[in-house]
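In what follows, a single structure is set out as structure tokens and then discussed.
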Amino acid sequence: MPASPPTLVNRDRSTVLSPWVALAWIPLTMLAYVTRSPAFVTAPDINGATFLLMGQSLLDGGVPYRDAWDHKGPLLYLLDAIGLALGGRWGVWAIDGLLLGCAVGLLFDAARRSGGRWVGLFAVLLSLASLDTIADFGNKTESYALVFHAAAIWAFCCMPSRSRWSAVIIGVSIAGCFWLRPNNAGPPGVAAMLLMAMEWRRGGVRAAVRCLLLGFVAFAGFTVVVLGLTTGTRGLVDMYDAYVVFNLDYSEHASWADRFDALAQGFHRVGLSAWLAVGAWLCIAVVVLRGGARPGRGFGAITRRLCLISLCALPIALASSSISGYAWRHYFLTWLPAVAITGACGAVVVLDRISRIDSPRRAAASRAAIAGMAAVLLITWNISAHDAYVRIANESARWERTAAELAPQVRGRKRLLVWGNDPRVNVYFDVPPCGRFAYIYPLLQASFVRDDMVNQLGQAIDQTRPLIIDTGSSTSTTPPLDSVARREWRPRRDNWAVTPRLAALMTHIDRTYRPIAQIESEGWVIYAPIDDTPSTNGSMSW
């Protein structure tokens with residue numbers, strides 16, 4: 001009987017130089033990510049501007065949530081503060097790109113150890129193919145979380161058996177994701193559960209408990225450092241209110257239809273690479289169910305672990321990004337590690353099966369598989385790059401027009417309140433916001449806002465007398481300050497409303513402020529205190 005053909009994955013690939021191979025991806029990834037740098041992005045987007053303001057508040061000695069309000073995790077503000085201290089917006093971009101490069105390097109190393117360098121390259125290209133479409137303007141909680149996802153996957157798949165460091169790395173990864181945004185922690189949590197299950201099977205309950213304790217200690221240690229450097233004990237109550245209460249309320253009102261729509265939007269934005277990952281997931285599931293990934297069936301330990309984490313991490317990543325019911329582009333960044341590793345694992349499985357067929361058909365099948373994967377990458381990358389180029393160019397040009405209209409009124413001001421949700425104005429003109437609220441969205445979430453929060457904003461307005469830019473209108477998410485136009489405003493969300501206390505504040509502003517200009521390109525109205533007499537500009541009209 002002729003011997004069966006050798007498989008492509010009968011052993012795991014590993015070299016002592018693998019860390020250096022992985023690190024080589026950092027400068028290459030940062031080079032690809034340069035389109036998110038200040039050289040191309042005139043001003044950060046709305047979310048990025050908010051995070052920069054929070055980071056700057058931390059540098060100025062403020063306490064996040066207490067002195068400046070936002071509802072993301074404190075680790076994000078700490079990273080922004082470090083970046084601002086190192087080099088302003090360039091420093092923030094460098095940290096973002098560096099961590100993204102580390103994530104890509106770890107994914108490459110995990111895939112390379114399983115299927116070789118070409119499979120590792122495929123994983124890298126698959127993770128980067130849709131990046132331009134969903135990265136927005138950079139500096140997002142989800143982009144920083146990628147390195148923790150990749151570290152958890154790498155630690156589970158590539159660390160030696162019984163290594164205590166795997167539990168430590170996964171514990172830190174869960175903490176890093178959680179303190180960026182809670183639902184970012186899904187895939188690292190999957191790695192933790194799989195690791196404990198393997199320890200249970202290998203060494204019983206004692207081994208599983210030891211693994212759990214190591215992971216918890218790592219999680220707790222990372223948490224203590226992050227909270228100690230950001231909120232300390234002074235901002236814990238405010239952090240709980242903004243980071244827990246607000247976010248739960250924010251997601252609670254989403255319907256299942258909203259969540260499924262968000263999931264569908266994810267497949268639309270991530271593109272063919274997401275569909276390829278789903279196809280790879282199905283191939284892996286068939287192989288695992290048929291026992292093809294068991295020891296002695298041609299797969300090494302790394303490949304078997306890669307199969308397990310791919311099967312579990314991809315559905316968790318898809319679900320966790322859609323749980324809030326919103327479909328912002330950057331939410332789907334958390335798909336990339338799971339998509340990359342699942343696609344790479346599927347490639348290993350497909351190439352292994354091809355290696356088992358008759359020789360005359362083997363070469364044709366290999367060429368067809370490689371051509372199909374290359375086509376998916378090229379199509380996705382072309383669509384992604386074109387989409388990003390158009391969006392960044394259009395948004396930058398639009399912002400420059402708006403900034404030119406704003407400049408005569410905003411420059412030289414000591415305080416600036418954006419009535420709505422666009423703190424880019426504060427960041428671009430380097431004018432601090434009024435009080436702890438750089439935007440008023442939390443004050444419109446009627447099931448969350450309290451009268452004391454509205455009072456804080458009112459007191460800050462009376463004390464600092466800021467210039468107010470009203471970005472609201474009768475058709476926007478934010479109600480306009482003008483009392484006549486406000487009568488026609490209808491909230492777009494069921495849980496959004498103008499509470500009686502907020503209505504009183506708006507009436508107070510209407511009595512103590514007067515419109516001085518209108519930004520024609522955006523329809524924004526600029527208000528100044530009645531006793532304030534700023535210079536006017538002929539290009540602006542009211």
Side-chain angles (χ1 to χ4, degrees), residues 43-72 74 76-78 80-81 83-84 88-89 92 139 230-231 235 238-239 241-243 246 399 402-403 406-407 409-445 449 452-472 476-481 502 505-506 508-509 512-513 516-517 519 522 524-529 532 534:
D45 64 354
I46 292 171
N47 285 329
T50 303
F51 307 151
L52 290 173
L53 288 175
M54 296 292 287
Q56 187 60 52
S57 174
L58 189 59
L59 286 179
D60 294 338
V63 178
Y65 312 107
R66 188 194 71 178
D67 300 319
W69 196 95
D70 191 44
H71 60 100
K72 298 300 192 295
L76 174 64
Y77 312 137
L78 179 60
D80 270 35
L84 288 171
R89 285 181 56 206
V92 174
N139 191 26
T230 53
T231 61
D238 295 289
M239 184 190 74
D241 184 60
Y243 191 49
F246 178 87
W399 172 253
T402 302
L406 285 168
Q409 298 295 338
V410 173
R411 292 196 187 280
R413 297 284 177 171
K414 294 182 178 180
R415 294 285 173 174
L416 171 65
L417 171 64
V418 178
W419 185 266
N421 185 34
D422 203 334
R424 288 181 299 176
V425 186
N426 300 92
V427 172
Y428 185 83
F429 291 101
D430 195 23
V431 181
C434 169
R436 67 190 291 229
F437 295 103
Y439 59 100
I440 68 160
Y441 273 17
L443 305 182
L444 292 170
Q445 196 157 312
V449 67
D452 64 290
M453 298 171 65
V454 181
N455 292 341
Q456 289 174 353
L457 179 59
Q459 292 169 2
I461 291 173
D462 287 341
Q463 291 172 1
T464 63
R465 307 297 283 168
L467 189 75
I468 298 179
I469 299 178
D470 182 9
T471 67
S476 71
T477 309
T478 307
L481 288 171
L502 183 59
L505 174 61
M506 297 173 74
H508 175 68
I509 294 173
T512 57
Y513 274 73
I516 60 171
I519 305 303
E522 301 286 349
W524 298 347
V525 181
I526 300 180
Y527 288 84
D532 189 28

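Remember, predicted model here, so these are calculated numbers, not experimental data.
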Would the distance check show the side chain of T512 and the main-chain N or O of H508 forming a donor-acceptor pair, the cut-off being under 3.5 Å?
yes
Please name the pair of heavy atoms, one in P479 and one in D470, separated by the smallest distance, quoted to 0.1 Å.
O-OD1, 4.4 Å
Point-to-point distance, once rounded to the nearest 0.5 Å, from CD1 of I526 to OG1 of T471
12.0 Å
What closest approach, in Å, do F429 and A407 show between heavy atoms, and which atom pair accounts for it?
CE2-CA, 3.8 Å
Where the side chain of Y77 meets the backbone of K72, is there a donor-acceptor pair that is under 3.5 Å apart?
yes
How are the rings of W399 and Y428 set to each other: parallel, tilted or perpendicular (split at 30° and 60°)?
perpendicular
Report the relative orientation of the aromatic rings in Y439 and W69; use parallel for angles under 30°, tilted for 30 to 60°, perpendicular for over 60°.
perpendicular
In short, D238 meets R436 closest at the heavy-atom pair OD1-NH2, 3.9 Å
Ignoring hydrogens, what is the shortest heavy-atom contact between T478 and I440? Give both atom names and the distance.
CG2-CD1, 3.7 Å
Kindly indicate whether the side chain of L58, heavy atoms from C-beta on, has any atom under 4.5 Å from the side chain of P64.
yes
N/O donor-acceptor pair under 3.5 Å between R415 side chain and R465 backbone:
no
Please tell me if the side chains of I468 and I509 come closer than 4.5 Å, counting only heavy atoms from C-beta onward.
yes
CG (D452) with more than 12 external heavy atoms under 6.0 Å
yes
Non-hydrogen atoms of V427 and P44 that approach each other most closely
CG1-CG, 4.0 Å
Check R413 against V431 and note the closest heavy-atom contact, atom names and distance.
O-CG1, 3.6 Å
Backbone N or O of V92 within a donor-acceptor pair of the D80 side chain at under 3.5 Å?
no
